[in-house]
Amino acid sequence: MKSAKVLFVALWTLLAVWGLSDTGDREVQIKINAGVEKYRAGSLDGAVADFESLYKEYPANEHVQSWLGFLYLRQNKASEAIPLLEKAAVARPNDLEVMTNLGNAYFAANRWDDAQVRYRKLVELKPEMAEAHYNLGNIYLRKADYPAAAESYRKASELRSDDPFVWNNLGVAYENQRKSAEAGQAFKKASDLRTDNAVFARNAGFALVQAGRQADAIPYLERAQKLQPTDDAITLALAQAYASAGRRNDALKMYDQLGEKLQGSSEFWFNVGVIRAESGDAAGAEKAYRRALELNGNDLDAMNNLGLLLYKNGQYEESMAIFDRLVGLNPNSLNAQINLGASAAKAGQMEKSVNVWRSILHSNSNRHDVRLQLANALWQWGDYDGARFHYKTLLNVDKNHAEALNGMGLYHLRLSQLAEAESAFRACIQSDPEFVPGYNNLAITLERLNRRNDAIRILERASAKAPQNEEIKKNLERMKAAP
């Protein structure tokens, strides 16, 4: 089953400038502290207004530059923040806070190379600083350098293991390297740290499904679906995970929720068909597959599954027609050809069946199962010598092939070569003691050899193995009742 695309987030941490060194000017320091207090009190605009006035009055003061740049960054005005923070960085080249905020301003302005330079310097100056590794990972992620991003996020996770954003972005880096198992583990940690975050839960569920760990994915998809019940992609992924885990009733409940919204999706109806078929609801599965084909007449999977369903239901003519169309659409599909041959044989279209089996053998001469089907079809079609050729070919490969031995026995029996027929049928049941037709054919041969008692004993053995076999019952009753 197919799953929806994963939505990723890549958030970066902004390190605020909280400290303030002695400026050497008491009056300036008092004004700066007043602006800082406004910011801390939640008045961002008020703080900006204060620092804009301060900057006009003290344009060379690196503390004013640093704070106003930071505040502009908080207002999402990266282009205005950058020149101020660049000036502050010249005056304070090793200041971690200024360097972080300048890197974040470059990041917000999509100046990835400039941001990368700042973050790398931060890592060099303070390698135990989680924010530096995290922000550097964000740059690598933006540049699609996923191995480098993963390494940066991994270091950040070691330094700050309780940060869900670090784990989520580590999952993003792994996911983009097609490392679904590692991504799933990272997303799980993010979601477990923030159980109220639908994106983290969604990412965990989708990655675990991609890694083939449907059972592990279910709790996270359930969490995401509870947080975002209107997200159809989550509901669909949960339905598919339930189905893969064998929780068919739960899967059908999810599909029922999606029915009205996705009734125009052939993929949706195909998945419903699969679940209903696995649940034993053949009628519901047939209806779903037919609906899928109404929406997409060339859906090969829906066509194949409907054909198999009809075959099992004994609707051989329609099953043959479906597989005939499937072979036309996908002529290289060996399974489609085999199913067409089987359906045609069951529908009594022996010439068509023979032609299909011959065509398959022409390209796949080692398919002994197909050769057996061809031999049986030729026998039913009345080409007994042709059937004999293929039975003998099978026996040349495997002298104990029970069904081929049975076929050779039938050939000899038809020609009244009773000794040869008896030998073939005895070899057949010796090779496969559970092959009941061999017992029945041996009994008929023995009866023709006037060894009725031996025939009855053979049929009694067969009846013990297959008490419901009507042909065995009928022949046993007839032989016992004969004078």
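Just so it is clear, the values below take in all heavy atoms, side chains as well, and ignore hydrogens, waters and symmetry mates. Predicted, not measured: the structure shown is a model, and the values here were computed from it.
In terms of heavy atoms, K188 sits closest to A204 at N-CB, 3.8 Å. Between T235 and P229, the shortest heavy-atom contact is OG1-O, 4.0 Å. For G409 against A421, the heavy-atom pair with the smallest separation is O-CB, 3.6 Å. Smallest separation of non-hydrogen atoms from D383 and G386: OD1-N, 2.9 Å. Residues Y255 and I275 share a closest heavy-atom pair of CE1-CG1, 3.6 Å. Between S343 and Y316, the shortest heavy-atom distance links the atoms O-CB, 4.0 Å.
Each of N138, L159, V166 was evaluated against H133; a single residue qualifies, L159, per the side chain to side chain contact (heavy atoms under 4.5 Å, CB included) test. Each of N366, V370, T393 was evaluated against L361; a single residue qualifies, V370, per the side chain to side chain contact (heavy atoms under 4.5 Å, CB included) test.
N203 and N168 share a side-chain donor-acceptor pair at under 3.5 Å. Counted by atom type alone, R223 and N197 present zero donor-acceptor pairs between their side chains at under 3.5 Å. A side-chain donor from one of Q185 and R213 sits under 3.5 Å from a side-chain acceptor of the other.
Note that CH2 of W167 is 13.5 Å distant from OH of Y153, once rounded to the nearest 0.5 Å. Rounded to the nearest 0.5 angstrom, N304 CG and L326 CG are separated by 6.0 Å. Note that CG of L334 and CG of N339 are 9.5 Å apart. Values are rounded to the nearest 0.5 Å. In this structure, L293 CG and L300 CG are separated by 9.5 Å, a value rounded to the nearest 0.5 Å. In this structure, CG on N296 lies 11.5 Å from CZ on R291, to the nearest 0.5 angstrom. Note that the CG atom of D432 and the CD atom of E403 stand 8.0 Å from one another [nearest 0.5 Å].
Residues F165 and F200 place their aromatic rings such that the two centres sit under 6.0 Å apart.
Using a 4.0 Å cut-off between a side-chain N of Lys or Arg and a carboxylate O of Asp or Glu, E318 and R290 qualify as a salt bridge. We find that E286 and R276 are not joined by a salt bridge, their nearest charged nitrogen and carboxylate oxygen being 4.0 Å or further apart. Salt-bridge formation is detected for the pair R154/E151: a Lys NZ or Arg NE/NH1/NH2 atom is positioned less than 4.0 Å from an Asp or Glu carboxylate oxygen.
At distances below 3.5 Å, at least one donor-acceptor pair connects side-chain atoms of Y439 with backbone N or O atoms of P433. In terms of modelled atom types and a separation under 3.5 Å, the side chain of S353 and the main chain of Q349 share no donor-acceptor contact. Judged by distance alone, the side chain of N176 and the main-chain N or O of V172 form a donor-acceptor pair under 3.5 Å.
Annotation: K399, atom NZ; neighbour count of heavy atoms from other residues, nucleotides and ligands within 6.0 Å does not exceed 12. In this structure, K473 places its NZ atom where more than 12 heavy-atom neighbours from other residues, nucleotides or ligands lie under 6.0 Å away. Heavy atoms of other residues, nucleotides or ligands lying less than 6.0 angstrom from CZ of R461 number 12 at most. For N110, the CG atom is densely surrounded, since the number of other residues' heavy atoms within 6.0 Å is greater than 12. For E471, the CD atom is loosely surrounded, since the number of other residues' heavy atoms within 6.0 Å does not exceed 12. Residue-environment remark: CD (Q430) stays at or below the threshold of 12 foreign heavy atoms within 6.0 Å. Heavy atoms from other residues, nucleotides or ligands lying under 6.0 Å from NZ of K312 number 12 at most.
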Tell me, with the steps shown, if K474 and E470 meet salt bridge (charged side-chain N to carboxylate O under 4.0 Å, His left out).
CA-CA 6 Å; K474 182 179 178 181; E470 292 298 327; over 6 Å; no
If you apply the rule side-chain contact (heavy atoms from CB on, under 4.5 Å), what do you find for W112 with F107, and how did you get there? CA-CA 6 Å; W112 315 127; F107 186 99; 3.9 Å; yes
Test side-chain contact (heavy atoms from CB on, under 4.5 Å) on K352 and L340; report intermediate values, then the result. CA-CA 9 Å; K352 186 176 186 66; L340 174 58; 4.0 Å; yes
Verify side chain to side chain donor-acceptor pair (under 3.5 Å) between R371 and N364, making sure each step is shown before the conclusion. CA-CA 10 Å; R371 189 176 297 280; N364 303 271; over 6 Å; no
- [ ] Could you please spell out the steps behind the salt bridge (charged side-chain N to carboxylate O under 4.0 Å, His left out) verdict for R194 and D196?
- [x] CA-CA 5 Å; R194 280 287 301 275; D196 62 336; 2.9 Å; yes
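Taking the six-membered ring where tryptophan is involved, the planes of Y289 and F270 are tilted, since the angle between them lies from 30° to 60°.
Within the 4.5 Å cutoff, no side-chain heavy atoms of L122 are placed close to those of R118. Put simply, the side chain of K189 does not reach to within 4.5 Å of the side chain of L170, judged on heavy atoms. The shortest distance between side-chain heavy atoms of N475 and E477 does not fall below 4.5 Å. Inter-residue side-chain proximity for H401 and H368 is flagged as unmet; no heavy-atom pair is nearer than 4.5 Å.
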